[in-house]
Asker: 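Sharing a structure with you now.
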Amino acid sequence: MNLIDELRWRGMIQDMMPGTEEQLLKEMTTAYIGFDPTADSLHIGSLVPILLLVHLQKAGHKPIALVGGATGMVGDPSGKSEERNLLSEEVLQQNVAGVKKQLEQFLDFNTTRPNAAEIANNFDWFKNFSFLNFIRDVGKHITVNYMMAKDSVKKRLEGETGMSFTEFTYQLVQGYDFYYLYKHKNCKLQMGGSDQWGNIVTGTELIRRKAGGEAFAFTCPLITKADGSKFGKSEKGNVWLDSSRTSPYEFYQFWLNTSDEDAARYIKIFTFLSPEEVNEILVQHKGNEYQRKLQKKLAEEITAFVHGRDALAKAIQATDLLFSKETLQIIATLSHDELDATLTGVPAVEISREKITAESPDIVTFLAETAVFASKGEARKMVQGNGISLNKQKVSDVSAKIDLSSFIHNKYLFVQKGKTNYYLIKAV
RNA sequence: GGGCAGAUGGCCGAGCGGUUAAAGGCGACAGACUGUAAAUCUGUUCUCUCACGAGUACGUAGGUUCGAACCCUACUCUGCCCA
């Protein structure tokens, strides 16, 4: 299978410019994707573009990951119904550094290879590009009529929030990136999410008009969930690639909870499994959905890709322990150190032993103090609503007292909020 | 610079002098059912309080009134139109 065939099979191609496939078959092609430095870590929404670059490199082409130090200063209006707030320069620089570091994990930068990956920051070519020069050199080639026809612009003109000149300019800035990379890196292909199509096409247009060159593009569909809710959110918010923000355990859990319908699509998109392997899993899954082999495989593959095999092993250990029917019995057989090691990544809170002995607080106070809940009121509602378990035992009595005897090994207390959210409380 | 419209809880959106902590929807969380799914049904969803209750809140600051999200004034911000 060639690259495009494979990506098509995986469901990763939405739109493609004519000639793209031929270009990729003809020669080693340099291609790029831009990443927005809106935070100092990428989240799983960026996983698809990352994977596109990885697939591209595996197919023998040369990937460039572009960090938008400059475009991040402007703000992409695509898919946004409102004007964005500008990030300060310091924040932006931190973010660029963080994002860069993460991207480096996923691609092969070994310069002995002809298709070694590269990282670029568009701030490098924009920082000394004056406004006047920009509007003369770049702006002159694209008509306002053309720019206004873009969906991202049209929507905002029709909407009621309007659009600043800054964001209106965005497509030109990004378009120039493509032109610049075309000129200086012989980069002929840009990829991205389907929301980027308009911006990308402005780039190819600029290359055509300004350089008389031909450049190509394809986009992948935005990841959706079958129930229509937003992909990439857990009850704690974004799912990040940075393990200090979202632990491998939480990351693994996120994927494990994918619905059947979604998982069947995701396994093609987010893993490198071959069609045969995927088919086999789908066949095994059918009729045995309760075993959730599909979700497990999905979670394993992605967690290993992002966090490595060791982290995956720990995530599975913790999962097996917490969601087992014999959690308590197993724990009884483990030493403190073994427990600590097994439960890496499970949200943990420490509380002083003296405090518990001295106060033996009621469960509501206790849960509020250990930060499982923000307030007593919230904790109370949840206990009354039958949503809290201590050491796997439902507790619905608001006045229940907590003392050291509640702790396993005199040290560990498992608080469960709902069915799936565990907090480990350690008495120290 | 001038005219017009608007600013309500995480979001959308009703309310237009007392019965409004503010309809409805979305989102979020929980319960039931299940497979740690999905769909469905139920409950919760400003803060504090065991609770009775209390405190804040409808862009900001004043004012009118027994009483204001609702009326008046000024200001701020947003959009539209004109110059």
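Quick note on labels: first sequence line is chain A, next is B, and so on, each numbered from 1. Everything numeric here is computed off the predicted structure, so don't read it as measured data.
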Asker: For B:rA30 and B:rU36, measure between their C1' atoms and round to the nearest Å.
Answerer: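 Each nucleotide's C1' atom is 15 Å from the other's.
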
Asker: Watson-Crick or G-U wobble partner for B:rC48, using a 3.5 Å limit on both distances?
Answerer: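 Because both required distances fall under 3.5 Å, B:rC48 counts as paired with B:rG53.
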
Asker: If you measure from the P atom in B:rA74 to the same atom in B:rC70, how many Å do you get, rounded?
Answerer: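 Each nucleotide's P atom is 16 Å from the other's.
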
Asker: Please list each protein N or O that sits under 3.5 Å from an N or O in nucleotides 47-50 of chain B, with the distance.
Answerer:
| unit_1 | atom_1 | unit_2 | atom_2 | d |
| --- | --- | --- | --- | --- |
| B:rC48 | OP1 | A:Ser375 | OG | 3.0 |
| B:rC48 | OP2 | A:Ser375 | OG | 3.0 |
| B:rC50 | OP2 | A:Arg380 | NH2 | 3.2 |
| B:rC50 | O5' | A:Arg380 | NH2 | 3.4 |

Asker: Provide, to the nearest angstrom, the distance between the CZ atom belonging to A:Phe231 and the P atom belonging to B:rA38.
Answerer: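 Those two atoms, CZ and P, are 15 Å apart.
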
Asker: Do A:Lys210 and A:Asp137 meet the salt-bridge criterion of a basic N to acidic O distance under 4.0 Å?
Answerer: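 Judged by the 4.0 Å cut-off on N to carboxylate O distance, A:Asp137 and A:Lys210 do not form a salt bridge.
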
Asker: Are the ring centres of A:Phe251 and A:Phe254 closer than 6.0 Å?
Answerer: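 Ring centroids of A:Phe251 and A:Phe254 are no less than 6.0 Å from each other.
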
Asker: Please tell me which of the listed nucleotides, B:rA38, B:rG35, B:rC29, lies nearest to the side chain of A:Lys417?
Answerer: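 Nearest listed nucleotide: B:rC29.
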
Asker: Would you call the rings of A:Tyr412 and A:His409 parallel, tilted or perpendicular, where under 30° means parallel and over 60° means perpendicular?
Answerer: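 Rings of A:Tyr412 and A:His409: perpendicular, over 60°.
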
Asker: What is the pairing partner of B:rG6, taking Watson-Crick or G-U wobble pairs with both distances under 3.5 Å in any strand?
Answerer: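 Across any shown strand, B:rG6 pairs with B:rC77.
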
Asker: With rounding to the closest Å, how many angstrom separate the C1' atoms on B:rA69 and B:rU56?
Answerer: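 B:rA69 and B:rU56 have their C1' atoms separated by 15 Å.
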
Asker: What's the NE2-P distance between A:His285 and B:rG35, to the nearest Å?
Answerer: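 So the NE2-P distance, A:His285 to B:rG35, works out to 13 Å.
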
Asker: For B:rG1, what is the paired nucleotide under Watson-Crick or G-U wobble rules, both distances under 3.5 Å?
Answerer: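 B:rC82 is the nucleotide pairing with B:rG1.
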
Asker: Taking CD1 from A:Ile316 and C1' from B:rU36, how many angstroms apart are they, rounded to a whole number?
Answerer: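 Atom CD1 in A:Ile316 sits about 15 Å away from atom C1' in B:rU36.
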
Asker: Can you figure out which of B:rG31, B:rC29, B:rA38 approaches the side chain of A:Asn386 most closely?
Answerer: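 Among B:rG31, B:rC29, B:rA38, the one nearest the side chain of A:Asn386 is B:rG31.
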
Asker: Rounded to the nearest angstrom, tell me the gap between atom CG in A:Asn238 and atom C1' in B:rG27.
Answerer: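 In whole Å, B:rG27 C1' lies 15 Å from A:Asn238 CG.
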
Asker: Taking only the C1' atom of each, what is the distance from B:rU65 to B:rU76 in whole angstrom?
Answerer: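 Here B:rU65 and B:rU76 have their C1' atoms 26 Å from each other.
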
Asker: Rounding to a whole Å, what distance do you find between A:Phe373:CZ and B:rU45:C1'?
Answerer: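 So the CZ-C1' distance, A:Phe373 to B:rU45, works out to 13 Å.
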
Asker: Ring of A:Phe272, cation from A:Lys58 - is the NZ or CZ under 6.0 Å from the centre and inside 45° of the axis?
Answerer: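 The answer is yes; both the distance and angle limits are met.
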
Asker: Does any non-hydrogen side-chain atom of A:Leu413 lie less than 4.5 Å from one of A:Ile351?
Answerer: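 A side-chain contact is absent here, since even the closest heavy-atom pair is not under 4.5 Å.
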
Asker: Whole angstrom is fine here: how far is it from CG in A:Leu298 over to P in B:rU36?
Answerer: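 In whole Å, B:rU36 P and A:Leu298 CG are 17 Å from each other.
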
Asker: Taking B:rA57 as the reference, what is the distance to B:rA68 when you measure between their P atoms (whole Å, please)?
Answerer: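 About 13 Å, rounded to a whole number of Å.
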
Asker: Rounded to the nearest Å, what distance is computed from the CG atom of residue A:Leu367 to the P atom of nucleotide B:rA30?
Answerer: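 So the two atoms are 14 Å apart, to the nearest Å.
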
Asker: Between A:Phe231 and A:Phe270, what is the ring plane arrangement, given parallel below 30°, perpendicular above 60°, and tilted in between?
Answerer: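 Rings of A:Phe231 and A:Phe270: parallel, as their planes differ by under 30°.
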
Asker: Let's test this: given Watson-Crick or G-U wobble pairing with both distances under 3.5 Å, identify the partner of B:rA30.
Answerer: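 Its partner is B:rU42 (Watson-Crick or G-U wobble, both distances under 3.5 Å).
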
Asker: Using the six-membered ring wherever Trp is involved, compare the ring planes of A:Phe323 and A:Tyr422 and label them parallel, tilted or perpendicular (cut-offs 30° and 60°).
Answerer: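 It falls in the perpendicular class, over 60°.
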
Asker: Are A:Arg10 and A:Glu6 ion-paired here, with the side-chain N under 4.0 Å from a carboxylate O?
Answerer: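 Yes, A:Arg10 and A:Glu6 are salt-bridged.
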
Asker: With a 4.0 Å cut-off, would you call A:Glu277 and A:Lys297 a salt bridge?
Answerer: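 Here A:Glu277 does not pair with A:Lys297 in a salt bridge, since their nearest N and O are not under 4.0 Å apart.
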
Asker: Quick check: on RNA chain B, is the nucleotide nearest A:Ile388 upstream (toward 5') of the one nearest A:Ser164, or the reverse? Name the residue that is more 5'.
Answerer: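 Nearest nucleotide further toward 5': that of A:Ile388.
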
Asker: Remember a base hit wins even if backbone is also touched, and classify A:Lys394 as base, sugar-phosphate or nothing at under 4.0 Å, heavy atoms.
Answerer: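 If one applies the 4.0 Å heavy-atom cut-off, A:Lys394 turns out to touch the sugar-phosphate alone, with no base involved.
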
Asker: Could you check if the base of B:rC58 is syn or anti? Syn means the glycosidic torsion is within 90 degrees of 0.
Answerer: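 Classified anti.
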
Asker: Work out how far the C1' atom of B:rC82 is from that of B:rU73, and round it to whole angstrom.
Answerer: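 Comparing C1' positions in B:rC82 and B:rU73 gives a spacing of 26 Å.
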
Asker: Listed in order of residue number, which residues of residues 254-262 of chain A have a non-hydrogen atom at under 4.0 Å from RNA chain B?
Answerer: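 By residue number: A:Leu256, A:Asn257, A:Thr258, A:Ser259, A:Asp260.
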
Asker: Give the C-alpha distance, both sets of side-chain angles, the deciding distance and a yes or no for side-chain hydrogen bond (donor to acceptor under 3.5 Å, both in side chains) between A:Asn2 and A:Asp5.
Answerer: CA-CA 5 Å; A:Asn2 73 42; A:Asp5 284 340; 3.3 Å; yes

Asker: Could you let me know what B:rC70 is paired to, Watson-Crick or G-U wobble, both distances under 3.5 Å, or none if it's on its own?
Answerer: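 Its partner: none found.
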
Asker: Taking only Lys NZ, Arg NE, NH1 and NH2, and the carboxylate oxygens of Asp or Glu, determine whether A:Arg208 and A:Glu205 approach each other closer than 4.0 Å.
Answerer: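 A:Glu205 and A:Arg208: salt-bridged.
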
Asker: Between B:rC46 and B:rA28, how many Å separate the two C1' atoms, rounded to a whole number?
Answerer: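 The answer is 15 Å between these two C1' atoms.
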
Asker: Please report the distance separating the C1' of B:rA39 from the corresponding atom of B:rA54, rounded so that it comes out in whole Å.
Answerer: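 The same atom, C1', in both gives a distance of 42 Å.
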
Asker: Expressed as a whole number of angstroms, how long is the span from A:Gln295:CD to B:rA38:C1'?
Answerer: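 Whole-Å distance recorded here is 10 Å.
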
